[in-house]
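Sequence positions, counted from 1, serve as the residue numbers for this chain.
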Amino acid sequence: MMTQMRNPTLLLLLLLSSQLCSVLSWKKDEFRNCNQTPFCKRARARKPSSSSLIAQDVAIFDGELTAKLFPEKTQENPDEQDQDRIKPLVLTLSVYQDGILRLKIDEDPKLDPPKKRFEVPDVILPEFSNKKLWLQKLWTETIGGDAGPSSIVYLLDGYEAVLRHDPFEVYVREKGGNRVISLNSHGLFNFEQLRVKRDGEEWEERFKGHTDRRPHGPQSISFDVSFYEADHVYGIPERATSFALKPTRGPGIEDSEPYRLFNLDVFEYIHESPFGLYGSIPLMISHGKSRGTSGFFWLNAAEMQIDVLGSGWDAESGISLPSSQSRIDTLWMSEAGIVDAFFFVGPGPKDVVRQYTSVTGTPAMPQLFALAYHQCRWNYRDEEDVEQVDSKFDEYDIPYDVLWLDIEHTDGKRYLTWDRMLFPHPEEMQRKLAAKGRHMVTIVDPHIKRDDSYFLHKEATEKRYYVRDATGNDYDGWCWSGSSSYLDVLRPEVRSWWAEKFSLENYVGSTPSLYIWNDMNEPSVFNGPEVTMPRDALHQEDVEHRELHNAYGYYFHMATADGLVKRGDGRDRPFVLSRAVFAGSQRHGAVWTGDNTAEWDHLRVSVPMILTLGLTGISFSGADVGGFFGNPEPELLVRWYQLGAYYPFFRGHAHHDTKRREPWLFGDRNTERIREAIHIRYMLLPYFYTLFREANTSGVPVVRPLWMEFPSEEATFSNDEAFMIGSSLLVQGIYTEHARHASVYLPGKESWYEVKTGVAYKGGRIHKLDVNEESVPAFQRAGTIIPRKDRFRRSSTQMVNDPYTLVIALNSSQAAEGELYVDDGRSFEFQQGAYIHRRFVFSDGKLTSLNLAPIPPGQAQFSSECVIERIILQGLSTGQKSALIEPENQKAEIEKGPLLLHSRRGPTVITIRKPNVRIVDDWVIKLL
C-alpha cells in the first residue's frame, strides 16, 4: 500500500506505519476503556439518588405532556454564580399508536445555551409523526409513600405513562399496577449543561498522542433504566459476545467494562468482549417468562456506554423499589446529544420489534439475487481471474449469484474508477456475468483520495463538501487511499451529490448489474484517534463529529443506496452492503459482521451477533463464511458453509494474505459438502424471500431467537447456538472440530422433522444426536408448510420460472399452514400491489391455497405461470393413494418420492406428484 501513495513526507509515513500496525490486529490498549473516557468515568462514579431534579409546571400542551425539571432547592452555595447554576430542563412526553412512549429532555432554548444540542436527523420515519396520539388530559395520583403527586397519561389500553414529580422519574406501568420500564428510578439521571468556559479551566482530553479540544466542554448525559419482570436483556449491537447480555457491574464482577457503542474499525476482533465494533444501535430489549417483552431505544449518535447492573449492585443505596417485582437495572451514558428516548411496551417479542421498526423503519425488500450466494475475496486480481472463478463454479456445478471486487480493482484506490491494466473492459466483464443471471459488486469506501486530478476530490473541494477539522480546513486523514478527505454526509445536498455519482454516465465502466459495498465507513481513519475521525472535527452548522459519529456510516449508506435507486430511475431496488450500522440502517441495505477470523469461536459467535442485529431491526446480515483472517482447516470451512447457508446474507470472503479458498480447492469430498450446503440455500430461496417480505412489512427478523417463537420456554432464553429461520425452521450449528454428537433443544409441544432425513423428534426436550460432516442439524416444525425450489441452476435468476415444492410437516392435529410471497424480484412495483401472496392451509385431509394479496382497482398486478410440481407430506397418519384437485376435478397420484431431489442417498416420503396447480390460483387438493 505504501508504494501507491504519492509524495508522503517521512513524518506521515512513520505515522501511518504506526497506526496501521494498530489496526492489523487486536490491541486492547489502542482503544479507550471507561476509565480513560472521562464522561463514562464520571457517570459510573455517581451514587444512586444523586439526581436532585423535580418536575414542575406539568401540563398538557399541543397534545403532549410538558414539564420543566428544576434542581431541588438546597441551602448549599446560596451565593452561587449564575454561570454555575443548573438551569431548568425542558421535558416532553408524547404518546404514539401501538403503545409507544417518547421522552425528550433538552436544555431550554429560551435560556440561551451556548449552542444548540444535536438531534439526530433522518432516522425517524417521517410518517411516524402521523401516529401521534393527541393527549387531551392528564390526571394525578399519589403513589405509594410519595409525599407528592405523579402525573399520569393514557398510553395504550391496559397501559399508562407516569411522570413522578419528586423525585423526577418516568415509567410505564400496567394500568394501575405493575411497572414495565422506568427511567431514573435509582436517581442516576445527570445532564451536563453547556456553559461558558471559566478562566483557567481545562477542557481538552488526550489519548495516545491525540488531543480533543472539546471547545464546548462536558456535555454528557446519563441515567438508569429498569426492566421489570425481565429474565434477560438483549440488543445494543455491535459486539462479539453472547446474545443475552451479561452483567458488567455488581457483586462478584471485577474489572468489567460497560458495553461500548462507538463505531470502530477493529481488525481481528476478539469474541466474548463487551468492546464495541463497527455499529451502534442503542436499543435494548428485555424478555421474561412472566411479563413478556419490552424495549427501550435512545436516539443518540454520540459515543455511548451501557452497564448491565448485576443483582445487588445497589445494596447500599437505601432505595426501595416495588418489592413484588423483579427487575434488571441498566445505566446508560452518552458523551453528548439530548434525551430522545422511546419506551416499547410489547408485550410480545414481535410486538416490540414491530413497535421499534414503526419508528426507524422496516427492512428494505431486497432483490432476489441478493439472497443467494456471494463470492468475494480481497482481491480477485484481474478480468482473467474473474472469468476463471466464474467458470469454475459452473464446472463444479455450484450455483452463485454475485462476484465481488475489493479495493485493488480501482485506479490507485480512487473509488468509482478502474485499474485499466487489470480491468480494461469492465462493462464486458459484467455483461458476461449478467448473461448467466449473475451480478457484480464493487467496493466504494468513504475516504476520497486527495489528488487534484481525481474528479471526486476536485469537485468536493470546490463545493466545500468535506468534513472540516477543528480549525475549519478540510479534514485530512489517512486510509487506503493515503491522504484522504471525507464527505460531510450529514448534509442532504452532499448526499444528493454523492448519489448522482452512481449514474452510468458518472461511474464509468459500470452497468445496471453492478452493485455496491461500503466498507470503512465508521469512518475509519488510520492516523486518527482510535482509528477514527477526531471528535472535534466539524460538520454542517459546526456540529461536532462527536455528536453524530455513530451515524456517519448510516448517512453514507443511505446516500449510496439512493444513488443506485436514481441510477435506475427509481425502478430497481438497490443492493448496498455496509459495515457501519446505526438505527435505521435496515432501510438501506445489508450489513455484515466485519473482519472475523477463521476460528471455531468466531463461527460460534456469528450466531448471537446475527441474532442481535435482527432483534434490533437489521434482518439482512451475515458473517464472512470461512473467516476473513486466517486459513480455515477444511472441516471448519465446511461447517461454516453449512451454517452460513442459513444466514440472511450469505457470502464467502477472505483477506488477501490468506490462501485461496474457493469451494473446489479442498478435495472432492469437501467440494461436495460445500456444494450441498449452497444447494440447500438455493432450494430454500422461496422461503427466505417470503420471510424477507414479512420483515419488510412487520419488522420481524428473518433469523430469530428461539424465544421469539416460544416466548414462555425458559430453556430458550439464553440459547444462542441454535436459531429459528422464520417460524418453521430450527438450525443448530456445529462449533467444535471432530464433533460426533450434538445436543439440540427442540422447543414446543409438537414434533420436529429433520430436514435431510424426515425423522421426527419430540418437542420440549433436549436430543443428543449423532452428527457427521455432511450437514448441520436442521428441523422443520410440525404444523408448518415450507415452499422450496428443487431444481438447481447456475444462479437464482435462472430459477425464476421453475416449479415449486411444498413441504408439509403435519402436527398432532394433522394440520399445517405456511405462506409464499412472489414478485418480480427486482423492482418497486410490489409497493403498488404487484405481487402474489398465498397462504397454504392443510386441515381435514385437504390442502387449500388462499389469496392474501387483494388488489384494489387500478393497482399494478403481477402474475406467474409457475406451478407446484410436488407436495411432500410428513407425519400423515392415513394411507391415501390419490388426491382430487378442485375446481379442475383432476386426480393426482400419491406415492413415495425423495425428500430431497438432488440427494442420491436420501429417504423417501409420501408425495403428491405433479398436481401442477398454479401458485397464482385458488385451489383445493383433497386426499382420497
Side-chain angles (χ1 to χ4, degrees), residues 39 42-43 46-77 80 82-95 101-119 135 138 140-143 146-153 160-172 181-195 217-226 296 298-300 302 319 331-343:
F39 82 86
R42 291 194 301 273
R46 293 188 186 99
K47 302 298 183 184
S49 300
S50 60
S51 173
S52 61
L53 295 176
I54 298 172
Q56 297 181 2
D57 301 337
V58 182
I60 297 292
F61 177 75
D62 200 24
E64 299 173 327
L65 184 152
T66 63
K68 290 189 176 180
L69 300 179
F70 290 85
E72 184 179 8
K73 295 180 180 178
T74 67
Q75 298 302 314
E76 298 179 11
N77 302 321
E80 187 177 46
D82 287 344
Q83 67 175 7
D84 296 323
R85 190 170 297 139
I86 298 176
K87 299 175 182 179
L89 300 170
V90 176
L91 175 149
T92 61
L93 277 178
S94 309
V95 173
L101 177 69
R102 185 178 190 179
L103 167 67
K104 295 187 75 172
I105 302 175
D106 196 357
E107 300 191 43
D108 191 341
K110 297 177 182 178
L111 300 179
D112 296 323
K115 65 168 285 190
K116 185 182 185 300
R117 298 176 77 107
F118 181 68
E119 298 185 44
L135 296 178
L138 61 80
T140 60
E141 177 184 335
T142 301
I143 299 173
D146 288 355
S150 295
S151 296
I152 304 168
V153 295
E160 299 165 329
V162 180
L163 171 62
R164 186 186 186 193
H165 297 187
D166 184 7
F168 150 68
E169 181 188 12
V170 173
Y171 61 92
V172 172
I181 314 173
S182 67
L183 183 146
N184 202 37
S185 299
H186 293 277
L188 290 172
F189 183 90
N190 188 74
F191 195 112
E192 293 180 331
Q193 298 186 16
L194 295 167
R195 57 180 175 80
Q219 52 185 297
S220 70
I221 302 170
S222 56
F223 49 77
D224 57 276
V225 175
S226 296
F296 179 83
W298 186 4
L299 178 56
N300 189 317
I319 292 178
L331 175 63
W332 297 61
M333 305 162 273
S334 181
E335 183 181 13
I338 69 167
V339 176
D340 190 0
F342 296 79
F343 299 70

Exercise: identify the closest heavy-atom pair between [X] and [Y]:
X: Val58; Y: Ala67; value: CG2-CB, 3.8 Å
X: Asn300; Y: Ile338; value: ND2-O, 3.6 Å
X: Gln56; Y: Phe70; value: OE1-CD1, 3.6 Å

Mind checking whether [X] and [Y] have side chains closer than 4.5 Å, heavy atoms only?
X: Leu188; Y: Leu331; result: yes
X: Leu103; Y: Phe342; result: no
X: Leu69; Y: Ile54; result: no

Taking only residues two or more places apart in sequence or in another chain, which ones pass side chain to side chain donor-acceptor pair (under 3.5 Å) with [X]?
X: Trp332; value: Thr330
X: Lys47; value: none
X: Glu141; value: Arg173
X: Asp224; value: none

Donor on one side chain, acceptor on other, His165 and Ser151, under 3.5 Å
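There is such a pair between these side chains.
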Listed by chain and number, what are the salt bridge (charged side-chain N to carboxylate O under 4.0 Å, His left out) partners of Asp146, not counting sequence neighbours?
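Salt bridge (charged side-chain N to carboxylate O under 4.0 Å, His left out) check on Asp146 returns Arg164.
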With [X] via side chain to side chain contact (heavy atoms under 4.5 Å, CB included) - residues at least two apart:
X: Glu192; value: Arg42, Arg46, Asn190, Pro218, Ser220
X: Ser94; value: Glu64, Tyr96, Arg102
X: Leu111; value: Lys87, Pro88, Asp108
X: Lys116; value: Glu119

Under the rule for ring pair (Phe, Tyr, Trp, His ring centres under 6.0 Å), what residues qualify as partners of Phe39, not counting sequence neighbours?
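Once residues adjacent in sequence are excluded, Phe39 has no partner under the ring pair (Phe, Tyr, Trp, His ring centres under 6.0 Å) criterion.
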Using ring pair (Phe, Tyr, Trp, His ring centres under 6.0 Å) as the criterion, list what pairs up with Phe118, not counting sequence neighbours.
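With sequence neighbours excluded, Phe118 shows a ring pair (Phe, Tyr, Trp, His ring centres under 6.0 Å) to no residue whatsoever.
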Which residue in the set Thr140, Val162, Asp166 passes side chain to side chain contact (heavy atoms under 4.5 Å, CB included) when paired with Ser150?
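Among Thr140, Val162, Asp166, the one that satisfies the side chain to side chain contact (heavy atoms under 4.5 Å, CB included) with Ser150 is Val162.
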